[in-house]
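Just so we're on the same page: letters track the sequence lines, and every chain starts at 1. The figures that follow rest on heavy atoms only: side chains count, while hydrogens, waters and symmetry mates do not.
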Amino acid sequence: MTLTIADRLLHWYDQHRRQLPWRGDPDPYAVWVSEIMLQQTRVDTVIPYYDRWLAQFPAIADLAAASLEDVLKLWEGLGYYSRARNLHQAAQQVVRDFGGQLPNNLQDLRTLSGVGRYTAGAIASICFDLDEPTLDGNIRRVLSRLFDVVEPLGSSQGDRILWELARTHLPSGRAGDYNQAWMDLGATICTPRNPQCELCPLRSDCQAYGLGIQSDRPVPKPRKQIPQRSAVAAIILSGSKVLLTKRQEKGLLGGLWEFPCCYVDENFTGDSLQDASRREGANLPKFLHQFLLTEFSTEFGSEFATAFAKEFPVETYVPNLFGTYKHAYTHFRVTLHAYLFPFKESSEKLGKHPCLDWVAIAELSNYPMGKLARQMAQKLAKA
DNA sequence: AAGACGGGGAC
DNA sequence: GTCCCAGTCTT
């Protein structure tokens, strides 16, 4: 009898599987944490975060009882911070609705925040031996080459085909290994560029290889141009402390701390670098100064706004440049100019608000921040 | 169906 | 510089 594709795939996996910290851990919580961290994130990046996470939150109950601040601090640098917020919330969901145990079926798994179709299939097959397929970036690429799928990656039509292919070839009884085998094959052999086809156990089954078009599969989805934005930030010093503000829970870098800042063009239209250079030519420190006065008086009370206006008269005070930073987010790039506003006298009692804090320079490392704010904080600590 | 959502590594 | 990574949620 002839070997199926799954037979050959699993045979290869039995010999070449990667040794990873979450592999062989019988605790579904450990697998769950790894799957969330691995979303859009490489294995090598995840491993140190995974180890620290399991050390600090060994069980679901530990995570559920933790503060969001501590959770975000441990996630700092991994990106896509909604994953951390969702994982935290889902842990509380599990304690409240499922007796502290991760549910062992696809439907209940999908009710957890941050658990989508991929993660539910992965957990169900790996932890609970359910015959469920799953589909990630690796599996999409491998199946697209193997079966010469021409529908663009991520299109709904393409996804329908790929989910069906994954389910069609799934063997009964080893779905967890089958799913992970596709991913290991995609990560180590059937790579995005320069795939090692001569080492592939499925070479003779591969339609793209047969046609010599491996590098043309999968068909990428057309990309849009990334807009360029400008921003200004304020380093407001008082004694040995600096003013931090906390971002709102939702959206970009939600719940993280930063130095007070704003985009120069809130009515950004998304077109062209011309707008960017026009904004760069504007009077940025003056714009920032006005923003701070408005922001402080509307958000943080008139007392602090008054003290700030007295110390830094908008007509006469010209702040020094602290630094210029360029950063690329997923869907836009930003150039940020930071300016200094040093109070002559210590005024720590000014500005009381849950989303505002005077922080000693030495304590900045305790506050969860995005990369840009972290860079600024580190420069401040060195000076 | 398309966009929001981070940061880093490989080329 | 570009691509893309063990995707999910929102609009």
Side-chain angles (χ1 to χ4, degrees), chain A residues 17-18 20-23 31-50 72 75-87 89-90 109-123 125-126 133-142 151-160 162-163 166 176 178-188 190-195 215 218 220-228 247-256 258 270 326-334 368-375:
Chain A
R17 75 173 74 192
R18 291 175 289 177
L20 301 172
W22 45 88
R23 291 240 167 116
V31 173
W32 177 29
V33 170
S34 76
E35 292 300 345
I36 300 299
M37 287 186 170
L38 286 162
Q39 289 168 10
Q40 297 292 285
T41 310
R42 287 173 208 288
V43 166
D44 289 344
T45 304
V46 164
I47 289 175
Y49 283 88
Y50 172 85
L72 288 174
W75 201 272
E76 181 183 310
L78 251 194
Y80 287 156
Y81 297 90
S82 65
R83 293 183 295 173
R85 299 194 299 270
N86 286 332
L87 190 54
Q89 184 190 327
L109 285 168
R110 285 297 302 272
T111 68
L112 301 176
S113 305
V115 176
R117 195 176 177 185
Y118 160 78
T119 304
I123 293 174
S125 62
I126 295 170
T134 196
L135 208 56
D136 75 323
N138 286 308
I139 306 179
R140 282 188 173 86
R141 180 175 59 257
V142 177
E151 283 76 10
L153 209 56
S155 66
S156 60
Q157 174 72 302
D159 261 9
R160 224 181 346 268
L162 292 170
W163 275 102
Y178 168 84
N179 288 328
Q180 294 178 90
W182 282 133
M183 294 191 267
D184 276 23
L185 189 66
T188 62
C190 195
T191 49
R193 283 175 294 191
N194 308 318
S215 56
K221 190 184 251 183
R223 292 182 184 272
K224 300 215 163 177
Q225 203 175 349
I226 301 174
Q228 171 72 41
R247 298 178 65 89
Q248 52 183 122
E249 295 290 341
K250 296 189 171 198
L252 186 69
L253 305 174
L256 301 191
E258 66 186 4
K326 289 181 179 296
H327 189 65
Y329 293 100
T330 305
H331 56 292
F332 68 95
R333 300 178 200 283
V334 64
M369 297 179 186
K371 187 189 174 188
L372 205 40
R374 180 57 64 203
Q375 277 184 263

*Which distance, rounded to the nearest 0.5 Å, do you find between the CD1 of A/I47 and the OG of A/S34?*
10.5 Å
*When we call it a touch if two heavy atoms are under 4.0 Å apart, what does A/L253 touch: a base, just sugar-phosphate, or nothing?*
sugar-phosphate
*Between A/E35 and A/Y118, does any side-chain donor sit less than 3.5 Å from a side-chain acceptor?*
yes
*Would you kindly compare A/N194 and A/Y80 by the position of their nearest DNA chain B nucleotide and give the one closer to the 5′ end?*
A/Y80
*For A/G251, which contact category applies under a 4.0 Å heavy-atom criterion: base, sugar-phosphate, or nothing?*
sugar-phosphate
*Ignoring hydrogens and angles, answer whether the base of C/dC4 and the side-chain atoms of A/R42 contain a donor-acceptor pair closer than 3.5 Å.*
yes
*Answer with base, sugar-phosphate or nothing: what part of the nucleic acid does A/W182 contact at a heavy-atom distance below 4.0 Å?*
nothing
*asked:* Please report the distance, rounded to the nearest Å, between CZ in A/R83 and C1' in C/dC5.
replied: 10 Å
*Can you name the one residue among A/D136, A/T119, A/V43, A/T45 that meets side-chain contact (heavy atoms from CB on, under 4.5 Å) with A/L38?*
A/V43
*Ignoring hydrogens and angles, tell me if any N or O in the side chain of A/R374 forms a donor-acceptor pair with the backbone of A/G77 under 3.5 Å.*
no
*Rounded to the Å, how far apart are A/K224 NZ and C/dC3 P?*
16 Å
*Touch check for A/S34, heavy atoms < 4.0 angstrom, all strands: base, sugar-phosphate only, or nothing?*
nothing
*Quickly work out the A/D136 CG to C/dC4 C1' distance and round it to whole Å.*
12 Å
*Could you tell me the separation between the CD1 atom of A/I226 and the P atom of C/dG1, rounded to a whole number of Å?*
11 Å
*Would you please classify the geometry between the A/F332 ring and the A/Y329 ring as parallel, tilted or perpendicular, with 30° and 60° separating the classes?*
tilted
*Drop me the distance from A/R83's CZ to A/I36's CD1, to the nearest 0.5 angstrom.*
8.5 Å
_Interatomic distance at C1', B/dG3 relative to C/dA6, whole Å_ = 22 Å
*Inspect the contact between A/R23 and A/D184 and indicate whether a charged nitrogen and a carboxylate oxygen are less than 4.0 angstrom apart.*
yes
*For A/Q40 and for A/Q157, find the nucleotide of DNA chain B with the closest heavy atom, then tell me which residue's nucleotide is more 5'.*
A/Q157
*Just to confirm, is there a sub-4.0 Å distance from OP1 or OP2 of C/dC4 to any side-chain nitrogen or oxygen of A/R140?*
no
*Value in whole Å for how far the P atom of C/dA6 lies from CZ of A/R17*: 18 Å
*For A/Y329, which contact category applies under a 4.0 Å heavy-atom criterion: base, sugar-phosphate, or nothing?*
sugar-phosphate
*Minimum heavy-atom separation for A/R333 to A/A328, with atom names?*
NH1-CB, 3.7 Å
*Is there side-chain contact between A/L162 and A/I139, with at least one heavy-atom pair below 4.5 Å?*
no
*State whether A/T119 places a side-chain N or O below 4.0 Å from either non-bridging phosphate oxygen (OP1 or OP2) of C/dT8.*
yes
*Which heavy-atom pair separates A/P133 from A/W163 by the least distance, and what is that distance?*
O-CZ3, 3.7 Å
_By nearest atom, which of the nucleotides C/dC5, C/dC4, C/dT8 is closest to the A/R223 side chain?_
C/dC4
*Please tell me which of A/R193 and A/G186 maps to the more 5' nucleotide of DNA chain C, matching each residue to the nucleotide holding its nearest heavy atom.*
A/R193
*Scan A/T45 against the nucleic acid and name what it touches under 4.0 Å (heavy atoms): base, sugar-phosphate only, or nothing.*
nothing
_Touch class at under 4.0 angstrom, heavy-atom based, for A/R117 against every strand present_ = sugar-phosphate
*Between the main-chain N or O of A/G186 and the side-chain N or O of A/R141, is there a donor-acceptor pair closer than 3.5 Å?*
yes
Polar atoms only, N or O, under 3.5 Å: list the protein pairs with nucleotides 9-11 of chain C and their distances.
unit_1, atom_1, unit_2, atom_2, d
C/dC9, OP1, A/G114, N, 2.6

*Would you indicate what A/I126 reaches in the nucleic acid, counting non-hydrogen atoms under 4.0 angstrom: base, sugar-phosphate, or nothing?*
nothing
*Remember a base hit wins even if backbone is also touched, and classify A/R333 as base, sugar-phosphate or nothing at under 4.0 Å, heavy atoms.*
sugar-phosphate
_Terminal contacting nucleotides, 5' and 3', DNA chain B versus chain A (heavy atom, 4.0 Å)_ = B/dA1 to B/dC11
*asked:* What is the separation between atom CE on A/M37 and atom C1' on C/dC5, rounded to the nearest whole Å?
replied: 16 Å
*What distance, rounded to whole Å, do you find between the two C1' atoms, one in C/dC5 and one in B/dG6?*
12 Å
*Nearest whole angstrom, please: distance from the P of C/dT8 to the CD1 of A/I36.*
7 Å
*Between atom CG in A/N138 and atom P in C/dC4, what is the gap in whole Å?*
12 Å
*Report yes if a side-chain nitrogen or oxygen of A/Q39 is closer than 4.0 Å to either non-bridging phosphate oxygen (OP1 or OP2) of C/dG7; otherwise report no.*
no
